[in-house]
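What follows is a short report on a single structure.
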Amino acid sequence: AAQPGSGQLRQAIVAGGIGSAVEWFDFGVYGYLAPTLGERFFPAGDAVAAALSGFAVFCVGYFMRPVGGLLLGRLGDRHGRRRMLMVSVVAMGSASVLIGLLPTYEQVGVLAPALLVLLRSVQGIAVGGEYTGAMAYTSECAPARHRGLVSSMTTVGVTIGLLCGSGVVALLHWALSPEQVSAWGWRLPFLGSVVVAGIGLLLRRRMPESEAFEGAAAPPPAMLQGLREHW
């Protein structure tokens with residue numbers, strides 16, 4: 001395993017911390033804009049119902065996180081943590097940018113919320129794989145005596161990402177009027193995700209594969225076999 005202070009250990013901390021911050025920024029922005037998205041993607045007439053609909057779609061991402069952990073976790077087991085973490089950041093960034101480009105309910109009717117739910121599901125899958133994959137990667141790269149500290153950088157990154165998301169949305173509401181935010185301003189943080197995802201992808205491309213994965217003699221068993229034999 002990497003030794004404290006080594007280049008690989010520093011890269012593991014960056015990949016686990018900043019990489020997670022990048023993805024959770026995208027994931028959290030939706031939550032802070034959920035009431036506005038409810039207004040734009042669901043029938044007008046009842047502001048409370050529209051806001052609740054926006055938050056319901058927000059919850060979809062959380063329901064899909066276990067699915068992402070299972071799907072992308074298996075990808076990481078077979079093809080490497082690095083590749084899986086790159087897939088997750090691309091999926092998250094792509095879904096976020098597409099949300100920023102979606103037509104509203106007023107423009108295309110029920111197709112708008114359907115597409116929003118689909119893209120929110122992709123976000124949930126991406127962040128579910130990200131969190132478990134980054135935790136596995138950092139713990140595999142860290143030496144035993146620093147494993148808890150190093151792997152905790154993943155959770156630190158989650159908090160930083162959510163805080164940055166709230167700060168960007170607060171700045172949006174400060175700079176624009178409520179009418180401007182509702183009309184087009186809500187799109188800006190999602191469209192800006194192309195830059196955020198690019199940073200995350202650059203970080204992930206440069207990180208080495210974990211020695212634990214490279215040194216594995218054989219791929220792990222299939223999911224059902226693993227649950228049956230190692231429950």
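For this chain, numbers begin at 1 and follow the sequence in order.
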Less than 3.5 Å apart, which donor and acceptor atoms pair up between the side chains of residues 33-44 and the rest of the protein, not counting sequence neighbours?
from  : atom 1 : to     : atom 2 : distance (Å)
Arg40 : NE     : Ser182 : O      : 3.2

Linking I/L/V/M/F/W/Y whenever their side-chain heavy atoms sit closer than 4.5 Å, directly or via other members, would Leu115 and Val122 fall into one cluster? no

Smallest heavy-atom separation, Ser20 atom then Ala134 atom, equals OG-CB, 3.9 Å

Using side-chain contact (heavy atoms from CB on, under 4.5 Å), reason through Val110 and Tyr105 one step at a time and then give a plain yes or no.
CA-CA 6 Å; Val110 295; Tyr105 184 89; 4.2 Å; yes

side-chain contact (heavy atoms from CB on, under 4.5 Å) between Leu171 and Trp174, worked out:
CA-CA 5 Å; Leu171 181 62; Trp174 173 79; 3.7 Å; yes

Residue set satisfying side-chain hydrogen bond (donor to acceptor under 3.5 Å, both in side chains) with Tyr30, at least two apart, ordered chain then number -> none

The reported gap from CG in Leu75 to CZ in Arg81 (rounded to nearest 0.5 angstrom) is 10.0 Å

4.5 Å side-chain heavy-atom contact, Val57 and Pro113
no

Nearest heavy-atom approach of Leu188 to Trp184 is CD1-CZ3, 3.8 Å

So Met64 and Val60, do their side chains get closer than 4.5 Å, heavy atoms only? yes

Quiz prompt | Test log, rule side-chain contact (heavy atoms from CB on, under 4.5 Å), inputs Val117 and Arg120 | solution = CA-CA 5 Å; Val117 170; Arg120 184 62 184 169; 5.7 Å; no

Connected to Leu118, directly or through other members, by ILVMFWY side-chain contacts below 4.5 Å are none

(Q) Contact between Val158 and Leu162 at the side-chain level, heavy atoms closer than 4.5 Å - yes or no? (A) yes

When every non-hydrogen atom of Thr138 is compared with those of Val150, the smallest separation belongs to O-CG1, 3.8 Å

Run the side-chain donor-acceptor check on residues 85-98: report pairs under 3.5 Å with partners two or more places apart or on a different chain.
from  : atom 1 : to     : atom 2 : distance (Å)
Ser88 : OG     : Glu23  : OE2    : 2.7
Ser88 : OG     : Leu85  : O      : 2.8
Ser94 : OG     : Val90  : O      : 2.8
Ser96 : OG     : Met92  : O      : 3.0
Ser96 : OG     : Gln123 : NE2    : 2.8

With heavy-atom distances below 4.5 Å as the criterion, would you say the side chains of Tyr131 and Val127 are in contact? no

Is it true that a side-chain atom of Arg82 and a backbone atom of Arg205 form a donor plus acceptor pair closer than 3.5 Å?
yes

Checklist entry - In terms of hydrophobic clustering (I, L, V, M, F, W, Y; side-chain heavy atoms under 4.5 Å; direct or indirect links), are Ile99 and Phe63 co-clustered? => result no

So CD of Gln107 and CG of Leu102: to nearest 0.5 Å the spacing works out to 10.0 Å

Going by chain and number, the hydrophobic cluster around Leu163 (ILVMFWY, side chain to side chain under 4.5 Å) further includes none

| request: Tell me, yes or no, whether the heavy-atom count around Arg187 atom CZ, taken from other residues, nucleotides or ligands under 6.0 Å, exceeds 12. | output: yes

Check: So, for Phe27 and Tyr62, is the gap between ring centers shorter than 6.0 Å?
Finding: yes

For this session: Could you give me the CA-CA distance, side-chain angles and deciding distance for Met84 and His79, then say whether side-chain contact (heavy atoms from CB on, under 4.5 Å) is met?
Result: CA-CA 7 Å; Met84 186 274 287; His79 302 288; over 6 Å; no

When rounded to the nearest 0.5 Å, the distance separating CG of Leu101 from CZ of Phe190 is 11.5 Å

Residues joined to Val48 in its hydrophobic cluster, side chain to side chain under 4.5 Å directly or through other members, sorted by chain and number, are Leu52

* Asked: Would Ser151 and Tyr137 count as having a side-chain donor-acceptor pair, cut-off 3.5 Å?
  -> no

Quiz item: Among the clusters formed by ILVMFWY side chains lying less than 4.5 Å apart, do Leu116 and Val181 turn up in the same one?
Solution: yes

To the nearest 0.5 Å, atom CD1 of Ile125 lies from atom CZ of Arg65 at 13.0 Å

To the nearest 0.5 Å, atom OG of Ser166 lies from atom OH of Tyr32 at 4.5 Å

| Would one find more than 12 heavy atoms of other residues, nucleotides or ligands at under 6.0 Å from atom CD of Glu106? | no

### Query
Any side-chain heavy-atom pair from Val169 and Trp186 closer than 4.5 angstrom?
no

Exam field: side chain Ser177 to backbone Gln180, donor-acceptor pair closer than 3.5 Å | yes

Check: Are Phe55 and Leu119 in one and the same hydrophobic cluster, where Ile, Leu, Val, Met, Phe, Trp and Tyr link if side-chain heavy atoms are under 4.5 Å apart?
Finding: no

